Amino acid sequence: MTSPARQHLLRQSAIQAAQQDPRLLRHSTGYELLLQKLNADMKTLKKTHSTEKKAELKRSMLPDYVPWVDGVLSEGKGAQDAILMTVMIWRIDAGDYAGALEIARYALKYKLSMPFGSRPAAYAVVEEIADMSTRAYTAGELVSLDVLMTTMELTESQDMPDQVRAKLHKITGYVYREAEKPTLALEHLKRAFQLNANCGVKKDIERLESAIKKAANG
C-alpha cells in the first residue's frame, strides 16, 4: 500500500502534469515513474491465468493509482493518459463501476483513446460493464440499475457496434424485470432485440407482454 506521503506526491505530480500542454504528459517524471509500476503490475497479471485471481490482484493494486487518478480528474486538461485509461478498465474488472464511470466521463469529454486493443473508450466501457453485470446477474448477485443507466446515458451518443449496445439494454431489461418493473423491462428488451435480433430476448419479450396484458385485464 502506498504511504500517505507518496499518495500526496503522486496527486501533486498528476496535478502538475495536468497543467502542462496535453502533448507533454508522457514526458512528465511522475507519469513515467508510475507508468513503470503499471507495466510491472501488468506483467504480474499476465502470469496469472484465473480471471477471479486477476480481479483480486487488480483490487489490491488499484489503491496505488488513486492519487494519480484523483489529480488528473480534478485538474486534467485531456492529455492522453495510459495510466488513467488502464485504471478505468481495471476498476470495472474489480467491481468498482462507479469509479470506472467517473474516469469514463472525463475520457469521453476529452476523447481519450484506449492504450490497448482496438475498441474506442465508450465501446470498451459498455461492453465490459454489460458483460460483468450479466455474469453477476446470472450468478444471482445484485446488479445496480444506477450503474447500468448511468453507463447508458453517458455513452448514448457514442459509436459502437449495435450488438454491444444490445448487451447493455438486455441486462438492464433483466434487472428491471427482477425489480418488478415489467414496462421498463419490456422497453429495454425490445430495444435490445431491435439492435440485435439474435441476442436471445424474444421469448422474454413475449412473456412480459403476456404478463402486462394479463395484469391490465385484472
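For clarity, every value in this text was computed on a predicted model and none was experimentally measured. Any value given below was found using the heavy atoms of this structure, including those in side chains, with hydrogens, waters and symmetry copies removed.
Gln80 places a side-chain N or O within donor-acceptor distance of the main-chain N or O of Ser113, the cut-off being under 3.5 Å. In this structure, Ser50 contributes its side chain and Glu52 its backbone to a donor-acceptor pair below 3.5 Å. At least one donor-acceptor pair closer than 3.5 Å links the side chain of Tyr31 to the backbone N or O of Ala82. Although no hydrogens or angles enter the test, the distance criterion places a donor-acceptor pair under 3.5 Å between the side chain of Lys170 and the main chain of Cys199. In this structure a side-chain-to-backbone donor-acceptor pair under 3.5 Å is present from Ser60 to Leu57. For the pair Thr150 (side chain) and Val147 (backbone), a donor-acceptor distance under 3.5 Å is absent.
One hydrophobic cluster, built from ILVMFWY side chains closer than 4.5 Å, cannot hold both Leu195 and Leu208; they sit in different ones. Grouping the Ile, Leu, Val, Met, Phe, Trp and Tyr side chains by contacts below 4.5 angstrom, directly or via other members, places Leu45 with Met88. Follow the hydrophobic side-chain contacts under 4.5 Å out from Met149 and you reach Leu186 in the same cluster. Val66 and Leu38 end up in different hydrophobic clusters when Ile, Leu, Val, Met, Phe, Trp and Tyr side chains are linked at under 4.5 Å.
Atom CD1 of residue Ile171 and atom CZ of residue Arg177 lie 9.0 Å apart, to the nearest 0.5 angstrom. In this structure, CD1 in Ile212 is found 12.0 Å from CG in Asn217, a value given to the nearest 0.5 Å. Interatomic distance, Leu148 CG to Leu168 CG, rounded to the nearest 0.5 Å: 6.0 Å. Atom CD1 of Ile103 is separated from atom CG of Leu108 by 11.5 Å, given to the nearest 0.5 angstrom. Summarising the geometry, atom CE belonging to Met42 is positioned 14.0 Å from atom NZ belonging to Lys47; distances are rounded to the nearest 0.5 Å. To the nearest 0.5 Å, atom CH2 of residue Trp90 and atom CE of residue Met85 are 14.5 Å apart.
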For Lys167 and Glu128: C-alpha separation, side-chain torsions, deciding distance, then whether salt bridge (Lys or Arg N to Asp or Glu O under 4.0 Å) applies. CA-CA 10 Å; Lys167 287 183 185 182; Glu128 295 300 322; over 6 Å; no
Show your working on side chain to side chain donor-acceptor pair (under 3.5 Å) between Tyr65 and Asp41 and close with a plain yes or no. CA-CA 11 Å; Tyr65 298 93; Asp41 283 347; 2.6 Å; yes
For Asp96 and Leu62: C-alpha separation, side-chain torsions, deciding distance, then whether side chain to side chain contact (heavy atoms under 4.5 Å, CB included) applies. CA-CA 10 Å; Asp96 179 13; Leu62 279 167; 5.7 Å; no
Worked check of side chain to side chain contact (heavy atoms under 4.5 Å, CB included) between Val143 and Tyr174: CA-CA 10 Å; Val143 178; Tyr174 284 170; over 6 Å; no
Test side chain to side chain contact (heavy atoms under 4.5 Å, CB included) on Tyr123 and Thr155 and set out the steps. CA-CA 8 Å; Tyr123 174 174; Thr155 60; over 6 Å; no
Verdict with reasoning, Gln163 to Asn198, per side chain to side chain contact (heavy atoms under 4.5 Å, CB included): CA-CA 9 Å; Gln163 293 92 329; Asn198 297 315; over 6 Å; no
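Ala185 and Gly173 get closest at one heavy-atom pair: CB-O, 3.2 Å. Leu84 approaches Leu112 most closely through the heavy-atom pair CD2-CD1, 4.0 Å. Here the shortest heavy-atom pairing between Ala166 and Asn196 reads CB-CB, 3.8 Å. When all heavy atoms are compared, the tightest approach of Val125 to Ala104 is CG2-CB, 4.1 Å. Between Gly95 and Arg59, the closest heavy-atom pair is N-NH1, 4.5 Å. Of all the heavy atoms in Asp64 and Leu34, the pair that sits closest is O-CD1, 4.5 Å.
Inspection of the Tyr97 and Asp146 side chains reveals no N or O donor paired with an N or O acceptor under 3.5 Å.
In this structure, Asp93 does not pair ionically with Lys54, as no charged nitrogen and carboxylate oxygen lie closer than 4.0 Å. The existence of a salt bridge linking Asp162 and Arg165 is excluded, since no basic side-chain nitrogen approaches an acidic carboxylate oxygen closer than 4.0 Å. Checked for salt-bridge contact, Lys37 and Glu32 miss the test: no charged N lies under 4.0 Å from a carboxylate O.
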Can you give the donor-acceptor pairs under 3.5 Å from side chains of residues 187-194 to other protein atoms, not counting sequence neighbours?
residue, atom, partner, partner atom, Å
His188, ND1, His169, ND1, 3.1
Lys190, NZ, Glu209, OE2, 3.2
Arg191, NH1, Gln194, OE1, 2.7

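Two residues are said to be in side-chain contact when any heavy atoms from C-beta on lie closer than 4.5 Å; Glu141 and Arg135 fail this criterion. Taking 4.5 Å as the limit, every side-chain heavy atom of Arg105 sits out of range of all side-chain heavy atoms of Leu101.
Heavy-atom neighbours of Glu206 CD from other residues, nucleotides or ligands within 6.0 Å: above the threshold of 12.
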